[in-house]
There are 2 protein chains.
Amino acid sequence: MTVATKSLLSNCADCPIRHRAVCARCEADELAQLEEIKYYRSFEAGQTIVWSNDRMDFVASVVSGVATLTQTMEDGRTQMVGLLLPSDFVGRPGRKGAAYDIVATTDLIMCCFRKKPFEKMMIDTPHISHRLLEMTLDELDAAREWMLVLGRKTAREKIASLLNIVARRQPTFSPHGAVVFDLPLTREAMADYLGLTLETVSRQMSALRKAGVISLQGNRHVTVPDMARLMEAAGDDSDGGHLI
Amino acid sequence: MTVATKSLLSNCADCPIRHRAVCARCEADELAQLEEIKYYRSFEAGQTIVWSNDRMDFVASVVSGVATLTQTMEDGRTQMVGLLLPSDFVGRPGRKGAAYDIVATTDLIMCCFRKKPFEKMMIDTPHISHRLLEMTLDELDAAREWMLVLGRKTAREKIASLLNIVARRQPTFSPHGAVVFDLPLTREAMADYLGLTLETVSRQMSALRKAGVISLQGNRHVTVPDMARLMEAAGDDSDGGHLI
DNA sequence: TCGTCTCATTGATCCAGATCAATCGGCTCG
DNA sequence: CGAGCCGATTGATCTGGATCAATGAGACGA
């Protein structure tokens, strides 16, 4: 399995992405260590980065683009179990292999760290390891919230829940309080995340559009005039706040 | 959210349960620390131990009995997101509140540790914190595996998957290679775990019985004459092995 | 011994979403 | 410009599981 969550690493000037800070105490020498073991990789849309059960000798942070974690049964049924957006972390410190397929759904740049030295650094600097626990707990929260979506929500609610999550991760507010964002997934990928068929996803998107809850510019750009209505459609009882 | 996974703590002689060892290096003084902050609590079947969003000032290990973690929507739809069997750990170090309802489904004894001192100990003894990360990663694996079950498996496969999991946790082999075990859940609780209704659970259990895949003694005792057939019914492609 | 309570089973019917199938629209490439 | 392709939409039909409803089977206390 792969941890994928809010950023792990400190801001580093030459890194094209703003890694959120590990914690206030981050020291220069830690960063220096990180610099030494760091490298970048880029992938094309559709490319599989790691196959399930393959050896995986790095951990990484998404710089730009979108990747997914998916599980596939022998008969081809697939379920997406994680969505990796910029600043998300991916990797299983302490594990040799990947538990899921990792696939780039758009062109993708990742900032990778060789696993062995990264693990060594974890041991040397406890608060990185502590931060990693925090992140993994967040991931577990997200996975369990998704279990409710998969197990108990209707198709309409599932779609709305997904739009909510994506919107919250890349908010671009248009003039009048509407929310505009990119939907970086095909209908099929959405279906795989939601445990639906792509036809049902398409129908429900159309239904939300006809109901005026969302409007679409092309297939990938979404405008939500009133977030509250979308969250209502999602059956969402979360206040958006976080228990800490 | 609550971490719930394979045991955290070392074997301690006066503890009725064999906590699996944190690691070989466990020291006497750590155990002494643990002893100081440890206490037991017992609950009756049906009792709610913690309500979602409540303050939760302890972490704990299940000694005997079964508890569940569940999420509930305003309209009453509920989804179980975790099943706590003996030796499982529950609690969110570093978080103030509980993210889910924790309910005892049988009479239950838990071995609790006050959270503040436990967290302090985590900081002082890095390998406990390390072990906790391991456990959380296991939980995340389990949650994601369950996402596949919820999103893509049929009712029949869901039932078989659940029986598989429960059977693996408390294996009692009867004379001829059959597996006999206790099913510590009502049909309703099974339904909540599987994203089904209790009627569907009951029908599928009957179907598996009529197909000879399982046999039932009373409502709670299950015999599986041939595990391979059950795993086939579960659509399970796992080899039972663990990537480490 | 008999109510009663809880949990489980079984039947009849319904419907949300799957499946099968046709069409559309934008894009790239010759 | 047209052919081919890929993803999205929309329609028609089917079906697995939900829903509504009745019955059964232990367990327990009066």
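Letters go in sequence order (proteins before strands), and every chain restarts at 1. As the structure is a computational prediction, the values presented were derived from the model and not from experiment.
Side-chain polar atoms of B:Asp192 and B:Thr78 form a donor-acceptor pair below 3.5 angstrom. Between the side chains of A:Gln79 and A:Thr70, not a single donor N or O lies within less than 3.5 Å of an accepting N or O. In this structure, a donor-acceptor pair under 3.5 Å is absent between the side chains of B:Ser202 and B:Gln204.
In this structure, A:Glu199 and A:Ala155 both approach DNA chain C, and ranking their closest nucleotides by distance from the 5' end singles out A:Ala155. Judged by closest nucleotide on DNA chain D, A:Glu188 is the one of A:Glu188 and A:Arg152 placed further toward the 5' end.
Not one side-chain nitrogen or oxygen of A:Thr197 sits closer than 4.0 Å to the OP1 or OP2 atom of C:dG17.
If you measure from atom CG of A:Leu150 to atom P of C:dG17, you get 13 Å, rounded to the nearest angstrom. Atom pair A:Asp192:CG and D:dA8:P shows a separation of 12 Å (rounding to whole Å applied). Whole-Å rounding puts the A:Ile159 CD1 to C:dG17 C1' distance at 12 Å. For the pair B:Leu194 CG and D:dG17 P, the interatomic distance rounds to 12 Å; values are reported in whole Å. Residue A:Arg77 contributes atom CZ, which lies 10 Å from atom P of C:dT19 at whole-angstrom precision. Rounded to an integer number of Å, the gap from CG of B:Asn219 to P of D:dA27 is 9 Å. The distance between atom CZ of B:Arg156 and atom P of D:dG17, rounded to the nearest whole Å, is 10 Å. Remark: P of D:dA25 and CZ of B:Arg187 are 15 Å apart, rounded to the nearest angstrom.
A:Leu196 comes within contact range of the sugar-phosphate backbone alone, with a heavy-atom separation under 4.0 Å but no base atom that close. If you check every strand for non-hydrogen atoms under 4.0 Å, A:Gly195 touches sugar and phosphate atoms only. Among the atoms of the strands shown, only primed sugar atoms or phosphate atoms (P, OP1, OP2) are found under 4.0 Å from some heavy atom of A:Thr186.
The side chain of B:Arg220 sits closest to C:dA8 out of C:dG17, C:dA8, D:dA8.
A cation-pi geometry, defined here as NZ or CZ lying under 6.0 Å from the six-membered ring centre and within 45° of its normal, holds between A:Arg41 and A:Phe58.
Ring planes of B:Trp146 and B:Tyr193: parallel class, angle under 30° (limits at 30 and 60°).
Contact annotation: the side chain of A:Val224 never approaches that of A:Arg229 to less than 4.5 Å [non-hydrogen atoms, C-beta and beyond].
Using a cut-off of 4.0 Å between Lys/Arg side-chain N and Asp/Glu carboxylate O, A:Asp182 and A:Arg169 are scored as not salt-bridged.
Only B:Arg203, listed by number, bring a heavy atom of residues 201-218 of chain B to less than 4.0 angstrom from any atom of DNA chain D.
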